[in-house]
Amino acid sequence: MAEPDAFFILHADLPREGPGLPEDVAWVAAQVAVPAKGRILDAACGPGADIAALLDVFDPNAVIGVDWIEHFAVAGAARYADDTRVTIMQGDMFDQSGPFDLIWCAGAIYFAGITQSLKNWDAALATGGAIAFTTPAYFTENPTATAHAMWEGEGNIPTRSQIAEQIATARFHLIASRPLSDAAWHDYYDPMQARIAQLRPNADPALAKVLDEGARERNAWQAAKSETGYDLCVVRRA
């Protein structure tokens with residue numbers, strides 16, 4: 001079994017592909033006014049975990065969900081097949097036609113970098129529109145080795161002050177930000193840990209490796225959560 005196949009055995013039908021709660025979407029709505037019956041882009045939507053909250057909180061005419069990984073896009077499309085407001089597809093999250101009143105991106109902006117991602121989305125953002133995203137961050141200016149270990153192999157993780165600088169460099173204004181709660185992380189990790197326990201007795205070596213990595217990831221967060229995690233940011237053009 002190839003490791004990508006093992007990855008999808010672990011992640012198949014998990015409700016989320018990253019930390020978050022409906023309350024995070026509601027918090028964004030308290031920071032910015034987004035027109036009702038507008039258009040929302042859920043960039044890197046995964047299996048569509050945040051779309052129900054986006055629909056409930058913002059009452060849009062349309063939510064366009066896009067994910068580069070076909071497996072997640074297919075799962076998300078099936079999840080919302082009966083809702084005519086929702087379209088989910090496999091594709092590039094930066095190659096989408098606007099205008100969007102809100103662009104929501106949970107946990108994926110760091111792939112291209114904050115500054116470049118905001119520049120990429122600028123043309124698709126409606127006048128007065130907002131972008132909300134979560135991204136890995138250090139909550140201290142001097143993170144310990146334990147905090148660094150959580151993001152091993154993930155590149156340079158910024159502090160919250162550096163995130164603000166990267167937003168300004170893209171000519172956007174940071175309206176508000178807050179770290180995701182422990183509950184948001186548990187909403188991601190608890191179903192995964194239950195799946196790991198279910199799969200482990202019959203796991204072949206490739207799957208066992210993926211299960212071990214999932215368990216280590218959760219333990220690393222538990223050890224470092226006071227120093228690092230995800231920052232939720234809401235921005236508009238400066």
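Any value given below was found using the heavy atoms of this structure, including those in side chains, with hydrogens, waters and symmetry copies removed.
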With sequence neighbours excluded, residues passing salt bridge (Lys or Arg N to Asp or Glu O under 4.0 Å) with Arg216: none

Aromatic centroids of Phe133 and Trp104 separated by under 6.0 Å: no

Minimum-distance pair of heavy atoms, taken over all atoms of Ala124 and Gln96: CB-O, 3.7 Å

pair Pro136-Glu154: side-chain heavy atoms closer than 4.5 Å: no

From CG (Leu118) to OG1 (Thr169), nearest 0.5 Å: 10.0 Å

Sub-4.5 Å side-chain heavy-atom contact between His173 and Ile167: no

Steps toward salt bridge (Lys or Arg N to Asp or Glu O under 4.0 Å) verdict (Arg195, Asp190): CA-CA 9 Å; Arg195 177 69 59 78; Asp190 289 356; over 6 Å; no

Glu152 (side chain) donor-acceptor with His148 (main chain) under 3.5 angstrom: no

Tyr138 and Gln162 side chains, donor-acceptor separation under 3.5 Å: no

Which atom of Pro158 lies closest to which atom of Ile163, heavy atoms considered: CG-CG1, 3.6 Å

Other residues, nucleotides, ligands: >12 heavy atoms within 6.0 Å of Arg200 CZ: yes

Within residues 130-148 or reaching into it, pairs that qualify as salt bridge (Lys or Arg N to Asp or Glu O under 4.0 Å) - sequence neighbours excluded: none

Side-chain heavy atoms of Leu199 within contact of Leu211, under 4.5 Å: yes

Hphob cluster co-occupancy, Ile64 + Val57, side-chain heavy atoms under 4.5 angstrom: no

Under the salt bridge (Lys or Arg N to Asp or Glu O under 4.0 Å) test, residues paired with Asp182 that sit two or more places apart: Lys225

same_hphob_cluster(Ile103, Val86) at 4.5 Å side-chain heavy-atom cutoff: no

Main-chain N/O of Pro47 paired with Glu17 side-chain donor or acceptor, under 3.5 Å: no

hydrophobic_cluster_shared for Leu174 and Val28, side chain cutoff 4.5 Å: no

side-chain contact (heavy atoms from CB on, under 4.5 Å) against Ala223, all qualifying residues, sequence neighbours excluded: Thr146

Heavy-atom check, side chain of His186 versus side chain of Arg218, under 4.5 Å: yes

Trp27 (side chain) donor-acceptor with Leu232 (main chain) under 3.5 angstrom: no

Non-hydrogen atoms of Pro19 and Leu180 that approach each other most closely: O-CD1, 3.6 Å

Hydrophobic cluster identity match, Leu41 and Ile88, side-chain contacts under 4.5 Å: no

Atom pair CG (Asn120) and CG (Leu125), whose distance is rounded to the nearest 0.5 Å: 13.0 Å

Minimum heavy-atom distance Ala224-Ala147, with the two atoms named: CB-CA, 3.8 Å

Transitive ILVMFWY side-chain link Phe100 to Ile40, under 4.5 Å: no

Atom pair OG1/CE of Thr144 and Met150 - distance to nearest 0.5 Å: 12.0 Å

Interatomic distance, Cys233 atom SG to Gln31 atom CD [nearest 0.5 angstrom]: 11.5 Å

Derivation of the side chain to side chain contact (heavy atoms under 4.5 Å, CB included) call for Ser177 and Val234: CA-CA 6 Å; Ser177 67; Val234 186; over 6 Å; no

Asp187: salt bridge (Lys or Arg N to Asp or Glu O under 4.0 Å) partners, not counting sequence neighbours: none

Qualifying residues under ring-ring contact (aromatic ring centres under 6.0 Å, His included), relative to Tyr230, sequence neighbours excluded: Trp185

Pairs flagged by salt bridge (Lys or Arg N to Asp or Glu O under 4.0 Å) wherever residues 43-52 is involved - sequence neighbours left out: Arg16-Asp50

Side-chain touch Glu213/Lys209, heavy atoms, less than 4.5 angstrom: yes

Check: Gly107 main-chain N/O paired with Thr134 side-chain donor or acceptor under 3.5 Å: yes

Flag side-chain contact, heavy atom, 4.5 Å: Thr228 against Trp221: no

Trp68 backbone acceptor or donor facing Gln90 side chain under 3.5 Å: yes

Full working for side-chain hydrogen bond (donor to acceptor under 3.5 Å, both in side chains) between Glu217 and Tyr189: CA-CA 9 Å; Glu217 180 185 314; Tyr189 280 133; 2.9 Å; yes

From Thr115 atom OG1 to Gln166 atom CD, the distance as rounded to the nearest 0.5 Å: 5.0 Å

Minimal non-hydrogen separation, Phe94 against Ser117, with atom names: CZ-OG, 3.3 Å

For the student: nearest non-hydrogen atoms of Ser161 and Thr159, plus distance: OG-OG1, 3.0 Å

Tyr110: hydrophobic cluster co-members (side-chain, 4.5 Å): Phe111

Sequence neighbours excluded - salt bridge (Lys or Arg N to Asp or Glu O under 4.0 Å) pairs with any residue from residues 64-84: Asp83-Arg85

All salt bridge (Lys or Arg N to Asp or Glu O under 4.0 Å) counterparts of Lys119, not counting sequence neighbours: none

Pair listing, salt bridge (Lys or Arg N to Asp or Glu O under 4.0 Å) test, anchored in residues 228-238, at least two apart: Asp122-Arg237, Arg160-Asp231

Those residues that, when tested against Ala53, pass side-chain contact (heavy atoms from CB on, under 4.5 Å) (two or more places apart): Pro22, Val25

Side chain to side chain, Leu55 and Asp59, heavy atoms closer than 4.5 Å: no

Any Leu54 side-chain heavy atom under 4.5 Å of Pro60 side chain: no

